[in-house]
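One structure is given below, encoded as structure tokens.
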Amino acid sequence: MTQVETNWAGNHAYRARIERVQSIEQVQHVVAAAPRVRALGSRHSFTDLTDTTDASGAGGVLVSLTDLPTTVEVDAEARTARVAGRAAYGDVATRLQAEGWALGNLASLPHISVAGAVATGTHGSGVENGSLATAVAALEIVGPDGEIRRVARGDADFEGSVVALGALGVVTAVTLDIEPTYDVRQDVFTGLGWDALAEHVDTITSSAYSVSLFTRWTDVGIDQVWLKGRVGDTAAVPPRELFGALAATSTLHMLEGGATEAITEQGGVPGPWLDRLPHFRMEFTPSRGEELQSEYLLPRHHTIEAVERLRALADAMAPVLMVTELRTVAADEHWLSSSYGHDVVGLHFTWVRDVERVYAVLPLIEAALLPLGARPHWGKCFVAGAAQLEPLYPRLGDFRELRRRVDPEGKFGNAFLDRVIG
């Protein structure tokens, strides 16, 4: 009996043949030989983004990079690290910390692969922190002919090639900006009212190096505020109370009933950056798994209007919603980035794993948020298609042209790209 392989959440079964490669040379051979091929990393996408199936249902080959070495090569003079694309951020961070180096930011999960996270515009938080793609200095990509091309910051195609959804080839190595290691403290506050958020939203979201707000859209308001401050920064030590929200007296999980031992240390105890910037510890299974996720990122000046529109949908969301997280991301110039051209606030939804009921709610959320300029996170659940997304991405036409030039036969295409890129 053939084993069915799925994504991390278990809501998508891959239909393509999965080829587990042992070397970069084997990646090149598989890519050159296959009529349709895509890379398979940490499987943390919640849709058919990674799969090779096209609109007709025809599949291809998924290149699993899991067995490749997780190399990390530090160039201290350039302050960069060349890492394997398939490496998990947690593994890269551990290697960097051992040599006295750090990344400027991390996502909430350290288990996701570098190449996959970068390609989908995944991010951490902080009003001055860009998405993970902004730390990329260069990419090494296996193209449709099996040859490796290097695209570096400053090259003509660079800003169209980083957040590229796997449409331009298989990324085998990523060069990242690094900096000397630093410590972070994490403090949690509870019970921030809606009125306080509306009046002080900019102060709250800029009150630490990285800020996360968690809510279930009840009258309580923001249930938890997580502040991650870089030790030594003037804003690292939080106040005793935050506009009426009080400091938590024990470790909290953002999900009701969640295992707190999986959460990175709270309570203001300083520790290395890699042990505080993510929400979850590397040594534990990420989050719960039995869930779906969506996220929409919109210009920061629309934050309160977006909050008001979502509060009006609270009853519709409640049966399937576990929690919503609000985070900020600084603007960048990557063509398909959710924060292209302006600073954004991300509204991240963790849902129960009920595909039918979740997808019944998403059109309501998109009707409320897309008119405010909200862009869906490429790796999570959404329903908007190319016609709705085109006005939100000024360089989408340029990306299509780049894709035609790099992959004229559509070897790296699939049904997902057909729907959202066109």
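Because the structure is a prediction, the values reported are computed rather than measured.
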Between [Y] and [X], does any NZ, NE, NH1 or NH2 come within less than 4.0 Å of an OD or OE carboxylate oxygen?
X	Y	answer
Glu179	Arg230	yes
Arg95	Glu99	no
Glu77	Arg79	no
Asp183	Arg185	no
Arg276	Glu265	yes
Glu256	Arg216	yes
Arg327	Glu325	yes
Arg353	Glu291	no
Glu140	Arg149	no

Nearest heavy-atom pair of [X] and [Y]: which atoms, and what distance?
X	Y	result
Ala196	Ile204	O-CD1, 4.0 Å
Leu227	Ser207	CD2-OG, 3.4 Å
Ala93	Trp273	CB-CH2, 3.3 Å
Glu5	Arg43	OE1-NH2, 2.8 Å
Asp67	Val21	CB-O, 3.5 Å
Ile18	Ser64	CG2-CB, 3.8 Å

Worked verdict on Thr350 versus Gln293 for side-chain hydrogen bond (donor to acceptor under 3.5 Å, both in side chains): CA-CA 5 Å; Thr350 300; Gln293 295 179 10; 4.8 Å; no
Test side chain to side chain contact (heavy atoms under 4.5 Å, CB included) applied to Thr175 and Arg150, step by step: CA-CA 10 Å; Thr175 300; Arg150 187 176 188 272; 4.3 Å; yes
Does the side chain of [Y] come within less than 4.5 Å of [X]'s, by heavy atoms?
X	Y	answer
Ile304	Leu197	yes
Val211	Trp226	no
Ile263	Phe280	yes
Glu305	Leu372	yes
Thr205	Val345	no
Asp343	Thr328	no
Val307	Trp217	yes
Val420	Trp378	yes

Do the side chain of [X] and the main chain of [Y] share a donor and acceptor less than 3.5 angstrom apart?
X	Y	result
Asn11	Phe46	yes
Arg36	Lys411	no
His334	Leu336	no
Arg395	Trp335	no
Thr122	Val118	no
Gln186	Thr264	yes
His302	Gly373	no
Thr6	Ala13	no
His123	Ser339	no
Arg38	Phe412	yes

Side-chain H-bond candidate by donor/acceptor type, Asp91 with Thr70, under 3.5 Å: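 There is no such pair between these side chains.
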Glu19-His29 side chain donor-acceptor pair, cut-off 3.5 Å: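 Side-chain D/A pair, Glu19 to His29: absent.
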Under the ring pair (Phe, Tyr, Trp, His ring centres under 6.0 Å) test, residues paired with Phe349 that sit two or more places apart: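 Partners of Phe349 by the ring pair (Phe, Tyr, Trp, His ring centres under 6.0 Å) criterion, ordered by chain and then number, come out as Trp351.
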More than 12 heavy atoms of other groups within 6.0 Å of [X] [atom1]:
X	atom1	result
Glu128	CD	no
Gln22	CD	yes
Glu199	CD	no
Asp155	CG	yes

Test side chain to side chain contact (heavy atoms under 4.5 Å, CB included) applied to Phe214 and Thr324, step by step: CA-CA 6 Å; Phe214 295 96; Thr324 300; over 6 Å; no
Taking atom [atom1] of [X] and atom [atom2] of [Y], what is their separation to the nearest 0.5 Å?
X	Y	atom1	atom2	result
Gln266	His279	CD	NE2	10.0 Å
Tyr89	Ser113	OH	OG	8.5 Å
Thr50	Asn7	OG1	CG	8.0 Å
Leu49	His44	CG	NE2	12.5 Å
Thr134	Asn105	OG1	CG	8.5 Å
Ser125	Leu213	OG	CG	8.0 Å

Counting only pairs under 3.5 Å, give me each side-chain donor-acceptor contact of residues 157-167, with atom names and distances, residues two or more places apart or in other chains.
from	atom 1	to	atom 2	distance (Å)
Asp157	OD1	Arg405	NH2	3.1
Asp157	OD2	Arg405	NH1	3.1
Ser161	OG	Asp157	O	2.7

Derivation of the side chain to side chain contact (heavy atoms under 4.5 Å, CB included) call for Val225 and Leu242: CA-CA 9 Å; Val225 181; Leu242 186 70; 3.8 Å; yes
Passing candidate, side chain to side chain donor-acceptor pair (under 3.5 Å) with Asp48, options Arg15, Arg419, His12: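 Going through Arg15, Arg419, His12 one by one, the side chain to side chain donor-acceptor pair (under 3.5 Å) with Asp48 is satisfied by Arg419 alone.
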Qualifying residue, where the test is side chain to side chain donor-acceptor pair (under 3.5 Å) with Tyr296 and the options are Glu366, Lys380, His348, His377: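 Answer to the side chain to side chain donor-acceptor pair (under 3.5 Å) test with Tyr296 among Glu366, Lys380, His348, His377: Glu366.
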Pair Arg311-Met317, side chain to side chain contact (heavy atoms under 4.5 Å, CB included): steps then yes or no: CA-CA 9 Å; Arg311 288 185 67 192; Met317 293 188 290; over 6 Å; no
Geometric class of the His200/Phe243 ring pair [parallel <30°, tilted 30-60°, perpendicular >60°]: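 It falls in the parallel class, under 30°.
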